[in-house]
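Below is one structure, written out as structure tokens; the observations come after it.
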Amino acid sequence: KPTDKKIIFIACAFGNSEIDQLSNNCFIPTITQNNFEFFRVDFSEPSYSITESIIEHINISSVLLADLTFARQSVYFEIGFALGLGIPTILTCRKDHFRNNVDNLKVHFDLEQFKISFWETINDNFIWGKNMSPENRLINLKI
């Protein structure tokens, strides 16, 4: 890889208050506490296209952390690109999206076969299945 930095690329439905809270309260603290840097495209102001910035930063990332909630096409693109490069992925999703019948509220077929950490909120706290928190998943990658 062209860098020695340990970077985790975050892909999710930016601008949604619940997902921004997930990123700010779960993803970013997990990343920084484990001595990684993070990249969120909405936190940057590239001098070139957003797509070029996304591709560049996935290329130099050690891991892609993606939340599938709301089935954003851009998130699926970013996951596919990372998988094509052999970059490990950690997938998360709000629990009620698994096998939901509404198109933008479900994990689509091409990713439902992957290991996904499902979450729900109780009193504004994010609750994960046993050993399925982003931190546990990151530690188990041994990067």
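- In this structure, Ser49 contributes its side chain and Glu52 its backbone to a donor-acceptor pair below 3.5 Å.
- Judged purely by atom type and a 3.5 angstrom limit, Tyr76 has no side-chain atom pairing as donor or acceptor with the backbone of Leu111.
- In this structure, Phe81 has no ring pair (Phe, Tyr, Trp, His ring centres under 6.0 Å) partners at least two apart in sequence or on a different chain.
- Phe118 has its ring centre no less than 6.0 Å from the ring centre of His97.
- For the pair Trp128 and Pro134, the minimum side-chain heavy-atom distance is below 4.5 Å.
- With a 4.5 Å cut-off between side-chain heavy atoms of Ile, Leu, Val, Met, Phe, Trp and Tyr, the cluster of Met132 takes in none.
- Side-chain rings of His57 and Phe39 approach one another, their centers coming within less than 6.0 Å.
- Within a 6.0 Å sphere centred on NZ of Lys106, other residues, nucleotides and ligands contribute more than 12 heavy atoms.
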Should Asp20 and Arg40 be marked as a salt bridge (charged side-chain N to carboxylate O under 4.0 Å, His left out) after you check the CA-CA gap, both sets of side-chain angles, and the distance that decides it?
-> CA-CA 11 Å; Asp20 286 341; Arg40 272 183 50 163; 3.4 Å; yes
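- In this structure, Asn16 contributes its side chain and Glu18 its backbone to a donor-acceptor pair below 3.5 Å.
- Distance alone, capped at 3.5 Å, places no donor-acceptor pair between the Thr121 side chain and the Asp124 backbone.
- Expressed to the nearest 0.5 Å, how far CG of Leu65 lies from OG of Ser23 amounts to 8.0 Å.
- A donor atom on one side chain and an acceptor atom on the other are found under 3.5 Å apart for Trp119 and Asp67.
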